[in-house]
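Please read these numbers as outputs of a predicted model, since none were measured by experiment.
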Amino acid sequence: GPALIAGAETRTSQANRALEALADQVRSHGTLARAFTELEPGELLSRLEHDPEFKEFHTQFQAFLAEYGHRETVSVLLSSSPTWSDAPEVVLGLVTSMMGERRPAADQTGQALAELKRHPALRIAALRRHLLSAVDAAKAGTAFREDSHFYATMVLPPLRRALSELGRRLCDAGVLADAADVQHLRFEELAGMDDGGALPAAERERYRRLVLARAAKRRELEGIPLLDTATLFAHMRPAPGTLVSGMPASRGQATGTVRIIRGPDEFGLLRSGEVLVCPYTNPSWTPLFQRAAAVVVDAGGIASHAAIVAREYGIPAVMATGSGTRDLQTGQLVLVDGTRGQVTA
């Protein structure tokens, strides 16, 4: 099933190829490669902008941001988090991570189609046409789901610019101490203010107290998920003899030690050949799939980002485990079976 839709062309797969093209350009240019490995992201960005020797790469990098810069760094649901264009150093970090030797990806679609076509039932022409048409429809559905996500993120840059401007005006009016605090106000509260935040002193004080209280509440709730994935995917209970069970999403088997990665600040911990175990992924996680032997994810299905990218890179993937990050331990040696959706010791 999942292997048959591995070849679906999506905006995510196109972005991944564009990132690989940037990494290839860096790899082939000695001075540029040294700059990427030796400089901090901020210094590197400045060097790219001002050094004539790097003009060609900088032009290609700007073209990448123009095409894909609206993508989220954390979540499509959070306007408070920067996009790739807002944080170009994040993209440079992705390119740096992808400069290593590229793993040749297995042609999962070709192999799966060949197996399917050898099935005796497909000697019946009508059934063969119907089934191959269903495979094409499944690919189109996968692309539609992923591309809808891609185009939905296009609202983030204008939304962030509008909120930033509102925050600046409210700072000037003495309502906020920091423009970023605008993220703690609700849409109806912002919509109800006069342009520029011209509010009576009592109203300004009320909003200041609201912002402080909501900021404190956010800090209190950091790290607590909105949904308990173990409950959400309770039907994926481990089969006898397995550590974790889930939805098979990218075929094959791989053995490696577990590395639990919970967010971008831990990306650098993953070593080549380890099994990536995580709560979710988005496009910013892409370079990790070059290093990982397999991926095990708490949430998501066969059309989610992690599943699509795992199939692109030809590594096994198990999705919707519900509790992989809780039941597995970093350093634990496991066998990941992406065909059956199981993780065993």
Check the side chains of His149 and Glu72 for a donor-acceptor pair under 3.5 angstrom, ignoring hydrogens and angles.
yes
More than 12 foreign heavy atoms under 6.0 Å from CZ of Arg214: is that the case here?
yes
Any chance you could lay out the side-chain contact (heavy atoms from CB on, under 4.5 Å) test for Phe289 and Glu312, step after step, and finish with the verdict?
CA-CA 9 Å; Phe289 289 75; Glu312 283 180 18; over 6 Å; no
Leu94 and Ser284: which non-hydrogen atoms are nearest, and at how many Å?
CD2-O, 3.0 Å
Test item: Val336 and Val296 side chains (from C-beta on) under 4.5 Å apart, heavy atoms
yes
Would you confirm whether Arg128, through its side chain, and Arg123, through its main-chain N or O, come within 3.5 Å as a donor-acceptor pair?
no
Spacing of CG belonging to Leu170 relative to OH belonging to Tyr207, to within rounding of 0.5 Å
9.5 Å
Any side-chain to backbone donor/acceptor pair from Arg34 onto His29? Under 3.5 Å, distance only.
no
For Leu156 versus Val76, what's the shortest heavy-atom pair and its separation?
CD2-O, 3.9 Å
Hey, are Glu146 and Thr12 close enough side-chain-wise for a donor-acceptor pair under 3.5 Å?
yes
Just verifying a value: how many Å separate Leu45 CG and Glu49 CD, rounded to the nearest 0.5 Å?
4.5 Å
Fit a plane to each ring of Phe61 and Phe57, take the angle between them on a 0 to 90° scale, and name the class: parallel (under 30°), tilted (30 to 60°) or perpendicular (over 60°).
parallel
Keeping the roles fixed (side chain from Thr321, backbone from Val297), state whether a donor-acceptor pair exists under 3.5 Å.
yes
Is there a donor-acceptor contact under 3.5 Å from the side chain of Arg208 to the main chain of Gly174?
yes
Does Glu274 offer a backbone N or O that forms a donor-acceptor pair with the side chain of Arg259 under 3.5 Å?
no
Taking every non-hydrogen atom, the tightest pair across Gly341 and Pro248:
N-CB, 3.7 Å
Taking the six-membered ring for Trp, are His305 and Tyr280 closer than 6.0 Å centroid to centroid?
no
What's the spacing between Leu116 CG and Leu131 CG if we round to 0.5 Å?
5.0 Å
Under a 3.5 Å threshold, yes or no: a donor from one side chain and an acceptor from the other, between Gln14 and Arg11?
yes
Do any N or O atoms from the side chain of Arg311 and from the backbone of Ala249 form a donor-acceptor pair under 3.5 angstrom?
yes
Look only at the side chain of Glu165 and the backbone of Ala162, and say whether a donor-acceptor pair between them is shorter than 3.5 Å.
no
Between Thr10 and Asp147, does any side-chain donor sit less than 3.5 Å from a side-chain acceptor?
no
Side chains of Gln253 and Thr339: do they bring a donor and an acceptor to under 3.5 Å?
no
Candidate pair Arg219 and Glu222, rule salt bridge (charged side-chain N to carboxylate O under 4.0 Å, His left out), full reasoning
CA-CA 5 Å; Arg219 289 192 297 270; Glu222 278 179 0; over 6 Å; no
Shortest non-hydrogen contact between Leu65 and Trp84, atoms and distance
CD2-O, 4.0 Å
Measuring from atom CG of Leu269 to atom CG of Leu276, what distance do you get when rounded to the nearest 0.5 angstrom?
11.5 Å
Distance check, rounded to the nearest 0.5 Å: Leu243 atom CG versus Gln329 atom CD?
10.5 Å
Got a sec: does the CD of Glu40 have more than 12 other heavy atoms crowding it under 6.0 Å?
no
Quick one: side chain to side chain donor-acceptor pair (under 3.5 Å) pairs with a partner in residues 85-95, sequence neighbours left out?
Thr83-Asp86, Asp86-Arg160
Does Asp298 use its side chain to pair, donor to acceptor, with the backbone of Thr325 at less than 3.5 Å?
yes
Side chain proximity check, Leu185 to Met193, heavy atoms < 4.5 angstrom
yes
Verify the cluster assignment for Val334 and Leu288: are they in a single hydrophobic cluster under the rule of side-chain heavy atoms below 4.5 Å apart?
no
Take Arg47 and Glu38 through the test salt bridge (charged side-chain N to carboxylate O under 4.0 Å, His left out) and record every step on the way to the result.
CA-CA 12 Å; Arg47 182 85 181 271; Glu38 295 172 2; over 6 Å; no
Output yes when a side-chain donor or acceptor of Thr37 lies under 3.5 Å from a complementary backbone atom of Ala33, and no otherwise.
yes
Apart from Ile224 itself, its cluster of hydrophobic side chains linked below 4.5 Å comprises Leu221
Quick one: are His184 and Leu210 in side-chain contact, heavy atoms under 4.5 Å?
no
Heavy atoms only: give me the nearest Gln332-Asp327 pair and the separation to one decimal.
OE1-O, 4.4 Å
How close do Val74 and Asn282 get, heavy atom to heavy atom, and via which atoms?
O-ND2, 2.7 Å
Between Lys139 and Asp136, is the closest basic N to carboxylate O distance under 4.0 Å?
no
Any side-chain heavy atom of Trp285 within less than 4.5 Å of one from Val309?
no
Rounded at 0.5 Å granularity, tell me how far CG in Leu328 sits from OG1 in Thr257.
12.0 Å
Please check if the side chain of Ser250 supplies one atom and the backbone of Ile315 the other of a donor-acceptor pair under 3.5 Å.
yes
